[in-house]
Trainee: 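Starting off with a structure, shown below.
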Protein chains: 2
Amino acid sequence: MVTGARTVTLREVAASAGVHVATASRALNPEQAHLVSERTRTRVQTAARSLGYRTNALARSLRQGRTGSLGVIVADLANPFIANLLRGVEEEARAHAAMPLIVETREDPAALRRAVQRLLGNRVDAIVLASAHLADADYVADVSAQLPLVLALRGFDVGEDGPEPAAVEMQVMQDDHRGAKVAVEHLLRLGHRRIAQLAGAEQISSFVNRRRGFADAMATAPGARDVSSEERANESSVSEGKRLTWRLLERPEEERPTAIFAHNDLMAIGALDAIRDAGLVCPADVSVVGYNDSPLVDHLSPPLTTVRLPSREMGRSAARLALAAAAGRPIAAPRILLEPTYIERRSTGPAPA
Amino acid sequence: MVTGARTVTLREVAASAGVHVATASRALNPEQAHLVSERTRTRVQTAARSLGYRTNALARSLRQGRTGSLGVIVADLANPFIANLLRGVEEEARAHAAMPLIVETREDPAALRRAVQRLLGNRVDAIVLASAHLADADYVADVSAQLPLVLALRGFDVGEDGPEPAAVEMQVMQDDHRGAKVAVEHLLRLGHRRIAQLAGAEQISSFVNRRRGFADAMATAPGARDVSSEERANESSVSEGKRLTWRLLERPEEERPTAIFAHNDLMAIGALDAIRDAGLVCPADVSVVGYNDSPLVDHLSPPLTTVRLPSREMGRSAARLALAAAAGRPIAAPRILLEPTYIERRSTGPAPA
DNA sequence: TTGAAAGCGGTACCAG
DNA sequence: CTGGTACCGCTTTCAA
């Protein structure tokens, strides 16, 4: 076979079957095939098959005004936990014969805007946005006026007293406040009284809410001291977690935390590194909790205690909302809040005496 | 702003600027903008901006016969090592103003065919295929006759005597044979004499070639015994690695391996689990080597010795080839073979006495 | 049941 | 430098 085999058009199929293109179009479209006589239908379909015809999705979409594609914007493809979210999106999309177009932003606001423009240019039917920064609120509200947009994972609500007026109508979030609170309460129950958090970027709602959860849990325990540093992680990475933890461990012993709540698993892993490097032992000297329950964190040494986030389900729900809205179907519950699960493993233990 | 804001067309921009659509088209296209007078150009551009115009990529692609999109087919999105490959693809695509369309197959041949059909329907300019099975060779050859296709990661050459006649002209592979050979030679040098491999699926060239590398290395050491079981892993997962290793450790001691070469990191992790469950210690009792150098395997207990595969570079090269071919640019080297690097960590040690 | 023709939103060729 | 126009490939009224 030779490269450059020109692509077969509907015209050619029609000609080969001896019918008009309109008829060929009907015969090949399951929705309309019943409008065509049995005989012509099979004739057209046979011709199509033998010529290797494949509908030009661009032409069809251009004509129909919808593409059957779903834009998905994530911050970090290399985050295994994001992969699960993408899986959920993909499953749901497939069930609706839609195709996800995936774009990565790496926490760059400019990249987010480029991604959106690009997806709009490609006329996606809807967008799932899983990499929003708080400062993107106005921009995203604008976009969601132009097509159905679902926020996933990160949103714009960080208030303490209930949901604010929604800039974006549809979202699938996880209860970060609660997840953090549960985690810290567990540490308190283990007897820890000097606890620090490794906080993620201020621009990201998940981290703001986890911060609040941390603070609220600490407030319930009179004897407990928050010994966090004020510094935030510049990025969610092992090395940042290590750096921040190192700072905490340099302090005189009575100022050192006996437990660390990291805003995500990667930073928690960095914490484990720092603890080991400092000649200390986790959890005997310092306990560590992460967030996300990323793949493989159960195989670390020690296996990481963390908060599980239902990422697959989140992807599914977000895609479901997006596609329903795109199809003009009514949305029963446009704002979904999923519950986190605390997963206790061996990186947490009783406070040292 | 109200939802449903109808999308602005070039016609409206032209009208608003008081010019013909053709002129507006030129003014807005960087390649042709120089054909338009300074004045009209700015007038059109202003109009476009103020109306919020955005080129309809579908219409443009339909007319131009190319879409500026690159199909990427991978087996497993949740594999962190694949994320790096995707990053490489994305970087290169962005540099060429192209957009990757990512599809996952999960090792399902039917899914591969669906993915290809879908991408062809979307008229991608080229395809990077990173999830080929050996049995897909004919199908893939057919496809690559229709548009530029680059094999990445997995190919169809598993022969022992040099490259076979190429079914697909372009590919970016990694020297699996060499990677495996180096790993096993290291084990032999450590004094191991009973060595087993945990073999991946027969349908995947990488595994076939790693198998060959294993065999060739063993053949160089007269006293060494291959104590592998004949069974292959059904999938590349921790649980499969664990199951297969468990089988090996059930044997009487003199039939048990003192070192295990796993065809990938996930199976190696399963091996570590099984060893621990059996009450043995890695590497004192059994050494373990993986493949891929996936993120975080340096944080396992013990940190995993493995073979690093330059996945980012692989993605870049594959995308570069694909886009060059799509653009009709000459391809200097259509078949690239990247070198693996052996990464020694602490899951390997001297053979027990 | 089938054919004719318009048009989705651009681009590119040809005239002027 | 700008306008006119055909057309990319398909879907969808409207008529016959």
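So that the names make sense, note that chain A is the first sequence line, chain B the second, and so on, each numbered from 1.
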Trainee: Tell me: NE2 of B/His34 to P of D/dC1, nearest whole Å?
Mentor: 10 Å
Trainee: Quick check: on DNA chain D, is the nucleotide nearest B/Arg43 upstream (toward 5') of the one nearest B/Arg123, or the reverse? Name the residue that is more 5'.
Mentor: B/Arg43
Trainee: Take the protein atom CD of B/Glu38 and the nucleotide atom P of D/dT2, then report the distance between them rounded to whole Å.
Mentor: 11 Å
Trainee: If you apply the rule side-chain hydrogen bond (donor to acceptor under 3.5 Å, both in side chains), what do you find for A/Glu313 with A/Ser317, and how did you get there?
Mentor: CA-CA 6 Å; A/Glu313 173 57 24; A/Ser317 300; 3.0 Å; yes
Trainee: Whole angstrom is fine here: how far is it from CG in B/Leu120 over to P in D/dG9?
Mentor: 15 Å
Trainee: From the options C/dG3, D/dG9, D/dT5, select the nucleotide whose nearest atom is closest to the side chain of A/Asn56.
Mentor: D/dG9
Trainee: How many whole angstroms separate atom CZ of A/Arg39 from atom C1' of C/dT1?
Mentor: 12 Å
Trainee: Which whole-number value in Å describes the distance from B/Leu10 CG to D/dC7 P?
Mentor: 20 Å
Trainee: How many Å lie between CG on A/Leu58 and P on C/dG10, as a whole number?
Mentor: 14 Å
Trainee: Tell me the closest heavy-atom pair linking A/Ala318 and A/Val150, and the distance in Å.
Mentor: O-CG2, 3.8 Å
Trainee: Would you indicate which nucleotide in D/dT5, D/dT12, C/dG3 comes nearest to any side-chain atom of B/His20?
Mentor: D/dT5
Trainee: Check whether B/His20 reaches the backbone of B/Ala22 with its side chain - one donor and one acceptor, N or O, closer than 3.5 Å.
Mentor: yes
Trainee: Would you say CZ of A/Arg66 has more than 12 non-hydrogen atoms from neighbouring residues, nucleotides or ligands within 6.0 angstrom?
Mentor: no
Trainee: Can you tell which of C/dG3, D/dT11, C/dA12 lies closest to the side chain of A/Arg63?
Mentor: D/dT11
Trainee: Of all the choices, C/dC8, C/dT11, C/dT2, which nucleotide is nearest to the side chain of B/Gln64 once you look at every atom?
Mentor: C/dT11
Trainee: Can you identify which nucleotide, out of D/dT11, C/dA4, D/dC7, has its nearest atom closest to the A/Ala22 side chain?
Mentor: C/dA4
Trainee: By the 4.0 Å heavy-atom rule, please label B/Thr40 as base, sugar-phosphate, or nothing.
Mentor: sugar-phosphate
Trainee: Side chain of B/Arg60: nearest nucleotide among D/dC10, C/dT1, C/dT11?
Mentor: C/dT11
Trainee: Picking from B/Thr105, B/Asp136, B/Asp108, what satisfies side chain to side chain donor-acceptor pair (under 3.5 Å) with B/Arg113?
Mentor: B/Asp136
Trainee: Measure from the side-chain heavy atoms of B/Leu62 and tell me the nearest of C/dT2, D/dT12, C/dG9.
Mentor: C/dG9
Trainee: If you check the A/Thr9 side chain, which of D/dG3, D/dT12, D/dC10 turns out closest?
Mentor: D/dC10
Trainee: Please tell me if B/Ser37 has a side-chain N or O lying less than 4.0 Å from either OP1 or OP2 of D/dT2.
Mentor: yes
Trainee: Take A/Arg11 and A/Leu35, find for each the nucleotide of DNA chain C with the closest heavy atom, and name the residue whose nucleotide sits nearer the 5' end.
Mentor: A/Leu35
Trainee: Distance criterion of 3.5 Å, no angle test: do you see the side chain of A/Arg26 paired donor-to-acceptor with the base of D/dT13?
Mentor: yes
Trainee: Are any of B/Ser25's side-chain N or O atoms less than 4.0 Å away from OP1 or OP2 of C/dT11?
Mentor: yes
